[in-house]
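Each remark here refers to the structure printed beneath this line.
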Amino acid sequence: MSGFPGHEVITALVSGRYADPFSFLGMHITSEGLVIRALLPDASAVTLIESKTGRKITELNCEDARGFFSVLLSRRKKPFRYQLAVTWHEHTYTIEDPYRFGPLLQDIDSWLLAEGTHLRPYERLGAHPDVLDEVEGMRFAVWAPNAQRVSVVGQFNFWDGRRHPMRQRRENGIWELFLPAVTVGQLYKYEIIDCNGETRLKADPYAFEAQMRPETASVTRGIPAIADADPGRNAANERHQPISIYEVHLGSWRRHVENNYWLSYGELARQLVDYVKYMGFTHLELLPINEHPFDGSWGYQPLGIYAPTRRFGTPEDFRLFIDAAHQAGINVLLDWVPGHFPGDEFGLTKFDGTSLYEYADPREGLHQDWNTLIYNYGRNEVRNYLAGNALFWLERYGIDGLRVDAVASMIYRDYSRPAGQWVPNHYGGNENLEAIAFLRYTNHTVGTQRDGAITVAEESTSFSGVTAPPDSGGLGFHYKWNMGWMNDTLRYMQLDPVHRKYHHHQMTFSMVYAYSENFVLPLSHDEVVHGKQSILNRMPGDVWQKFANLRAYYGFMWGHPGKKLLFMGNEFAQWKEWNHDVSLDWHLLDDADNMHSGVQRLVRDLNQCYRQHSPLYELDYRYDGFEWLVADDAENSVFAFLRRDSQGNEMIIVSNFTPVPRLGYRIGIPTAGRWREVLNTDSQYYNGSNMGNSGELHSEQVPSHHREHSLLLTVPPLATIFLAREA
């Protein structure tokens, strides 16, 4: 009879090795009538029910004891909606048959996904609650073009890959299935028989939630609602605004004292957000919160890039945390890692038996430094997966910007590789042209789809045009970390003051290239790990001098052109290196009048001063916003420069990096006027020696530094002062 498959087909279906289940399972029109087939392992009886009337039509025949049932309705020619009443272990359940539903992906989605230009691939791939033909359930879709068979397995089917094999869309390699009655909050994975016939159990690359490590399943979850863009937050990201970023690792900012356990997203929404607001930072930057298996990676080896980590709560909790920051007037940046991923078996590696997400050649696909895998940016679907993820966080969680990790490792094929261990591009060069195209595409997508959102590059080389528009040959980032400034100034500050005069240029060199990119000045997590010591402990001298050096350095940093970034713990001068397994040393602030409290007060006042005085930020990226007043006094290790805004308002910043007070120190200035000391890092309020310039300062018509007018100052030891010109 043509309505029934042969024994070999049943065997393939039952063994989970039939690649086209929809061609046999479900309802089909034949020349002899309608045939209904179902694969229901362990069922003892199956009854066909007409959905419209609820009437029992007939029993299905058990064609194979392994759970294959079928029936031929010879008198019916027109398909109808039906259900199956299935008896398992003496209990009967009425179910919808997944194999009666048609294809899920629309033609336009298939085309865009294959082309790699689908702006929101996360709306089609992954698991999504849906209603089809008035039936509630979950639709699943996963890209595995070289797999022999893919099944959805989970709590709802006993993790049995025989029960729910998926439909393959041969035009784009996507497998799809709608499972009735599957609800939000259930565990699932994809069971894949790969191109080599091996069975692999994979988490969903597009899952919106994942299990708490060390468990590795995905969790069914609805896609978050779109978060409205806010004009005020958009404006706060602009180049002419003050941007002061507090960089945080959520797992170690603060922990519960009694058990060293993490704070939840809800607790962080209260404690962390209140603290960031109190300290005057404009932005909160989170080390990667994408789901990751290994705590010690700090999130930089993510596997669930569409899922906020469950370590601190649910996706809904994370969304409330972001909302709390926004309500407090704080923009949120997310550290984003499109450069590599770990090789855990449940993740992306050899996803369908081939190097699907990663480059196949280890000279291209293996990060030797981190023992991780490098995304294949030349593959449309991989670029789409990553670029879509960037938009996902901005659009669905209201993230205000992305800091893109390790850009240099992406754009150079020979990054950290000796000769002979890397593959040149097709022009013979060392640039990864596919990665560069991906970054341009992603930045273009962010710029056109999410008004006001920004991207920030951690790029450690002299690659030209990181913050230039893609259409003019740039990468299209809004800002770039100034790693050169960070390295030069930290090397200078670590020197004994007696030797600093021989390295004076390390504090001035950054202005040679300051306008080549839109820079952020970073003192990040990377500067307080791996034996580098804390920033405070890298300062020379006795305890008093260490703190004075640090305060002077922070003053110089906040006065210097460029947006600011400070890693947690640096704002109160933690002694120890950062340890991701424990809380910051908040006990150092138990005494409100100690040196640590003084540094904390200084950082708070620096932020307030910075935000209140537009010369310190408005023209960060324009030549007319900065002018050296004293750049060559290496003998005294004194630096002085002027900051200016578009209205002509001015501020002078003077730093003395020796422990010797400079009394009667004359500085030439462009125009005559009255000045007021608005901040002094040597103030007793910050536990300094309290030298400075009280009251008004009046310029004198005494030539100095090639200028007709000058100021006579007291420049405190190891200190930075800010002078504002009075109207």
Side-chain angles (χ1 to χ4, degrees), residues 1-104 132-140 149 151-168 176-182 191:
M1 294 175 63
S2 62
F4 296 95
H7 179 76
E8 67 280 1
V9 175
I10 296 176
T11 298
L13 284 166
V14 171
S15 65
R17 292 180 179 271
Y18 195 80
D20 191 12
F22 279 84
S23 66
F24 281 97
L25 299 178
M27 179 181 284
H28 294 271
I29 302 172
T30 73
S31 59
E32 300 173 0
L34 293 179
V35 63
I36 296 93
R37 308 186 190 98
L39 180 62
L40 299 162
D42 305 322
S44 58
V46 181
T47 302
L48 183 68
I49 299 173
E50 188 169 31
S51 299
K52 185 176 181 180
T53 63
R55 182 171 63 90
K56 294 182 179 180
I57 297 177
T58 186
E59 296 289 323
L60 273 69
N61 303 311
C62 182
E63 305 291 343
D64 191 290
R66 293 169 292 180
F68 185 80
F69 296 80
S70 67
V71 68
L72 175 66
L73 304 180
S74 58
R75 296 186 178 183
R76 302 193 69 159
K77 306 294 183 183
K78 186 176 181 182
F80 59 93
R81 289 173 54 187
Y82 66 92
Q83 296 172 306
L84 301 174
V86 185
T87 301
W88 278 295
H89 307 295
E90 300 181 356
H91 295 279
T92 301
Y93 305 88
T94 300
I95 66 170
E96 300 285 347
D97 184 0
Y99 298 97
R100 77 171 182 83
F101 297 94
L104 303 178
L132 297 184
D133 203 10
E134 301 180 7
V135 175
E136 294 183 356
M138 194 76 56
R139 56 178 168 86
F140 297 86
R149 189 267 291 160
S151 293
V152 182
V153 295
Q155 291 177 307
F156 38 80
N157 63 9
F158 310 105
W159 300 92
D160 187 345
R162 298 172 299 169
R163 296 175 184 269
H164 291 127
M166 306 174 79
R167 172 192 286 114
Q168 184 183 26
E176 62 179 15
L177 186 67
F178 176 73
L179 287 184
V182 175
E191 185 181 282

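- Listed here is the closest heavy atom pair of R162 and P41: NH2-CB, 3.6 Å.
- Distance alone, capped at 3.5 Å, places no donor-acceptor pair between the H89 side chain and the S44 backbone.
- Within the model, atoms CG of L177 and CG of L104 stand 7.5 Å from one another, a figure rounded to the nearest 0.5 Å.
- Nearest heavy atom pair, residue G26 against residue D97, reads CA-OD2, 3.6 Å.
- Counting heavy atoms from C-beta outward, V182 and F140 have side chains that approach closer than 4.5 Å.
- Counting only heavy atoms from C-beta outward, the side chains of P79 and I29 approach each other to under 4.5 Å.
- The ring-ring contact (aromatic ring centres under 6.0 Å, His included) test applied to F101 returns F178, not counting sequence neighbours.
- Residues forming a salt bridge (Lys or Arg N to Asp or Glu O under 4.0 Å) with R167 (at least two apart in sequence, or on another chain): E176.
- L40 CG to L60 CG: the interatomic distance, rounded to the nearest 0.5 Å, is 8.5 Å.
- Remark: R66 engages D64 in a salt bridge (Lys or Arg N to Asp or Glu O under 4.0 Å) (not counting sequence neighbours).
- A 6.0 Å sphere centred on CZ of F158 holds no more than 12 heavy atoms belonging to other residues, nucleotides or ligands.
- Annotation: K56, atom NZ; neighbour count of heavy atoms from other residues, nucleotides and ligands within 6.0 Å does not exceed 12.
- Evaluation of the side-chain hydrogen bond (donor to acceptor under 3.5 Å, both in side chains) rule for Y99 yields no partner, not counting sequence neighbours.
- For A85, the side chain to side chain contact (heavy atoms under 4.5 Å, CB included) partners two or more places apart in sequence, or in a different chain, are T47, I49, T92, T94.
- Between atom CZ of residue R76 and atom CE of residue M27 there is a gap of 7.5 Å, rounded to the nearest 0.5 Å.
- Looking only at distances, no side-chain donor or acceptor of T87 sits under 3.5 Å from a matching main-chain atom of E90.
- Taking 4.5 Å as the limit, some side-chain heavy atom of L34 sits within range of a side-chain heavy atom of F80.
- For S151 (side chain) and V153 (main-chain N/O), no donor-acceptor pair under 3.5 Å exists by modelled atom type.
- Going from atom NZ of K52 over to atom CZ of R55 covers 12.0 Å, rounded to the nearest 0.5 Å.
- Scanning all heavy atoms of the two residues, the minimum distance from R149 to P165 falls at CD-CB, 4.0 Å.
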field: Derivation of the side chain to side chain contact (heavy atoms under 4.5 Å, CB included) call for R163 and L179
entry: CA-CA 11 Å; R163 296 175 184 269; L179 287 184; over 6 Å; no

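- For the atom pair OH of Y18 and CG of L25, the computed distance is 9.5 Å after rounding to the nearest 0.5 Å.
- Scored by the side-chain hydrogen bond (donor to acceptor under 3.5 Å, both in side chains) test, E96 finds Q83, R100 as partners (sequence neighbours excluded).
- Counting heavy atoms from C-beta outward, M166 and V152 have side chains that approach closer than 4.5 Å.
- Listed here is the closest heavy atom pair of G161 and E191: CA-OE2, 3.3 Å.
- Remark: L13 CG to R37 CZ distance equals 9.0 Å, nearest 0.5 Å.
- Other residues, nucleotides and ligands contribute only 12 or fewer heavy atoms inside 6.0 Å of the CD atom of E136.
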